[in-house]
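Quick notes on the structure that follows.
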Amino acid sequence: METAYAPGRVELLGNHTDYNEGYVLSAAIDRGVTLRGEATGSSRVLLHSSTLGDTCEADVATLSHHKEHEWANYPLGVLDIFKKAGLAVSGFSAEISSDLPLGAGLSSSAAFEVATGLLLSKLFSIKLDPLTLAKLCRRAENEFVGVNCGLLDQVSSVFGKAGHAIFLDCRNETVENTPFPDGVALLITQCGVPHRLAGGEYNERRLQCFDAATRLGAKALRDVTSSQLEAAKEQLPLLSYKRAAHVVGENERVLSGIEHLRQGDVRGFGSLMSESHKSSRLNFENSTPELDLLVEIALAEPGVLGARLTGGGFGGATVTLLERDKAPAIAAAIEARYHKQTGFNAQTYLCEIADGAR
Ligand code: ADP
Ligand code: MG
């Protein structure tokens with residue numbers, strides 16, 4: 001019997017930068033997906049998710065997208081992509097458990113894929129370097145599950161390091177860890193309101209970014225600096241300017257955030273997170289009244305260093321950087337004030353920056 005664990009992640013800075021070939025700063029958190037399993041000695045695959053109370057059977061020889069058990073497509077996808085990559089895999093059984101909320105933007109899907117990839121590596125003695133593992137898992141989500149995600153989620157789950165942020169350059173696909181100052185924790189707060197039009201809005205933003213890059217004569221917004229953007233402002237439609245300003249600003253905030261972290265300036269880093277949210281609200285328009293309120297409530301609490309929406313936006317969650325010793329009280333205060341003002345129940349997850357998959 002072998003065990004594999006992979007954590008979820010949170011985006012700290014670098015919102016909507018991935019498809020613009022830019023920079024992201026993320027962290028693995030201390031919650032994740034665990035698989036316990038063994039080889040079946042045949043082509044039979046047997047998966048049981050104790051999280052969902054559901055079982056799925058498959059055969060390595062005839063893998064195809066599962067309609068009745070959507071959740072099983074994540075591990076089956078990894079198995080399929082391993083096979084396509086020429087890796088010697090065969091049947092296995094696994095029990096899946098998790099303390100990561102599903103569909104909450106903490107990337108339980110990538111954690112599930114990475115834990116599967118790692119379990120397969122252990123069961124069938126496959127040696128993979130970390131970046132290859134992350135890329136195979138991403139392919140599983142893109143090609144088998146059918147979700148067009150970037151590399152950040154899988155990279156974060158693989159490269160997480162306790163007390164370190166993860167810097168991903170989405171164009172060059174390079175990854176680095178940056179030490180994170182002590183004494184702080186992360187509070188992730190789900191707004192408790194369903195995503196609104198998430199798919200449509202997301203694709204619309206992508207197209208607006210590509211269009212803005214074309215108008216600026218750049219291959220991608222990654223190649224535009226804020227001074228170039230300001231110089232071109234008068235020639236651009238306001239919408240293109242605003243979308244570009246967000247992405248260009250986010251890329252610059254990631255680079256400057258790393259500098260703040262290197263200098264141990266956690267307050268400076270927190271301010272960048274709050275600026276990032278302001279830019280989401282005003283430029284990218286991917287915030288919602290509820291996310292704005294969560295950020296506003298958080299920033300009014302003593303001990304909070306910064307707060308912003310995290311992930312795609314249009315609903316979902318915020319991430320708040322706070323002093324660890326005040327964190328439980330702050331979480332309770334945010335939940336109470338938010339409920340009082342909206343009637344919605346926010347769900348808070350107090351997280352530490354943790355190690356990656358193992
Ligand atoms: P997120 O990655 O933000 O959590 P996704 O919609 O990308 O949201 O992925 C969530 C899906 O991943 C779930 O609907 C389920 O299909 C699958 N999944 C994640 N964790 C588990 C688990 N422990 N057991 C079964 N399926 C899981
Ligand atoms: Mg996901």
Side-chain angles (χ1 to χ4, degrees), residues 3-11 15-16 18-19 24 26-37 45-58 65-80 92-119 134-135 137-158 160 168 186 188-195 198-199 202 286 291 309-319 347 349 351 356-357:
T3 302
Y5 164 85
R9 64 94 189 92
V10 63
E11 169 204 290
N15 187 246
H16 285 260
D18 56 349
Y19 54 83
V24 197
S26 68
I29 58 174
D30 54 349
R31 288 170 173 268
V33 176
T34 302
L35 263 64
R36 265 173 63 77
V45 179
L46 189 62
L47 302 165
H48 179 258
S49 166
S50 51
T51 315
L52 300 179
D54 195 21
T55 303
C56 177
E57 275 199 61
H65 189 95
H66 238 280
K67 291 234 162 41
E68 315 93 277
H69 306 281
E70 271 296 335
W71 62 271
N73 290 315
Y74 297 89
L76 295 178
V78 174
L79 186 62
D80 189 52
F92 71 105
S93 64
E95 174 78 27
I96 300 122
S97 58
S98 174
D99 61 357
L100 200 54
L102 277 62
L106 299 181
S107 207
S108 69
S109 59
F112 196 0
E113 292 148 15
V114 171
T116 305
L118 211 55
L119 182 70
K135 286 183 179 178
C137 290
R138 179 217 187 166
R139 260 185 77 193
E141 186 149 346
N142 290 167
E143 296 174 22
F144 198 91
V145 181
V147 174
N148 186 17
C149 62
L151 190 58
L152 175 76
D153 301 350
Q154 293 81 8
V155 154
S156 305
S157 186
V158 171
L168 171 65
L186 299 171
I188 293 153
T189 310
Q190 289 293 130
C191 69
V193 184
H195 281 250
Y202 184 84
N286 62 333
L291 294 174
L309 69 79
T310 182
F314 309 108
T318 61
V319 57
Q347 178 79 45
Y349 301 93
C351 298

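Atom set for the values below is all heavy atoms of this structure, side chains included, hydrogens, waters and symmetry mates excluded. In listed order, ligands and their atoms are each counted from 1. Position 1 is the first residue of the sequence; numbering continues from there.
Proximity to L106 (heavy-atom distance under 4.0 Å) selects the following atoms of ligand 1: 3 (O). For ligand 1, the atoms lying closer than 4.0 Å to a non-hydrogen atom of W71 are 15 (C), 16 (O), 25 (C), 26 (N). Atoms of ligand 1 lying under 4.0 Å from any heavy atom of G105, numbered from 1 in the order shown and given with element: 3 (O). Near S98, meaning under 4.0 Å from one of its heavy atoms, ligand 1 places the atoms 23 (N).
Side-chain contact annotation: D54 with H69, donor-acceptor N/O pair under 3.5 Å present. Checking H66 against N73 by side-chain atom types alone, no donor-acceptor pair falls below 3.5 Å.
Protein heavy atom at the shortest distance from atom 14 (O) of ligand 1 is L102 CD2, 4.4 Å. Among protein heavy atoms, atom 12 (O) of ligand 1 sits closest to Y74 CE1, 3.5 Å. Ranking protein heavy atoms by distance to atom 8 (O) of ligand 1, first place goes to G103 CA, 3.2 Å. Among all non-hydrogen protein atoms, the one lying nearest atom 7 (O) of ligand 1 is S109 OG, 3.1 Å. Of the protein's non-hydrogen atoms, S108 OG, 3.2 Å is the one closest to atom 19 (C) of ligand 1.
Contact annotation: for S49 versus ligand 1, heavy atoms closer than 4.0 Å belong to the side chain alone. Within the 4.0 Å heavy-atom criterion, neither part of N73 lies near ligand 1.
Not a single donor-acceptor pair under 3.5 Å links the side chain of H48 to the backbone N or O of G53. With S107 contributing its side chain and R9 its backbone, the two residues share no donor-acceptor pair below 3.5 Å. Between the side chain of D18 and the main chain of L152, no donor-acceptor pair closer than 3.5 Å is present.
With contacts defined as side-chain heavy-atom distances shorter than 4.5 Å, the pair L76/F144 qualifies. The side-chain heavy atoms of D80 and V78, taken from C-beta on, include no pair separated by under 4.5 Å.
The shortest N or O to N or O distance between E70 and ligand 1 is not under 3.5 Å. Taking only nitrogen or oxygen atoms, main chain and side chain alike, F112 does not reach within less than 3.5 Å of ligand 1. For the pair T51 and ligand 1, the shortest N or O to N or O distance falls below 3.5 Å. Geometrically, ligand 1 and L52 share no nitrogen or oxygen pair separated by less than 3.5 Å.
We find the CG-CG distance between N148 and N142 to be 5.5 Å, quoted to the nearest 0.5 Å.
Among residues two or more places apart in sequence or in another chain, the salt bridge (charged side-chain N to carboxylate O under 4.0 Å, His left out) test is passed with E70 by none. For the salt bridge (charged side-chain N to carboxylate O under 4.0 Å, His left out) test, residues two or more places apart in sequence or in another chain that qualify with R139 are E143. D30 meets the salt bridge (charged side-chain N to carboxylate O under 4.0 Å, His left out) test with no other residue; sequence neighbours excluded.
Taking the six-membered ring for Trp and thresholds of 30 and 60 degrees, F112 and Y74 have nearly parallel ring planes, at less than 30 degrees apart.
Around the Mg ion (ligand 2), the protein atoms of type N, O or S that sit closer than 2.8 Å are S109 OG.
S108 pairs in a side-chain contact (heavy atoms from CB on, under 4.5 Å) with only one of the listed residues (L100, D99, D153), which is L100.
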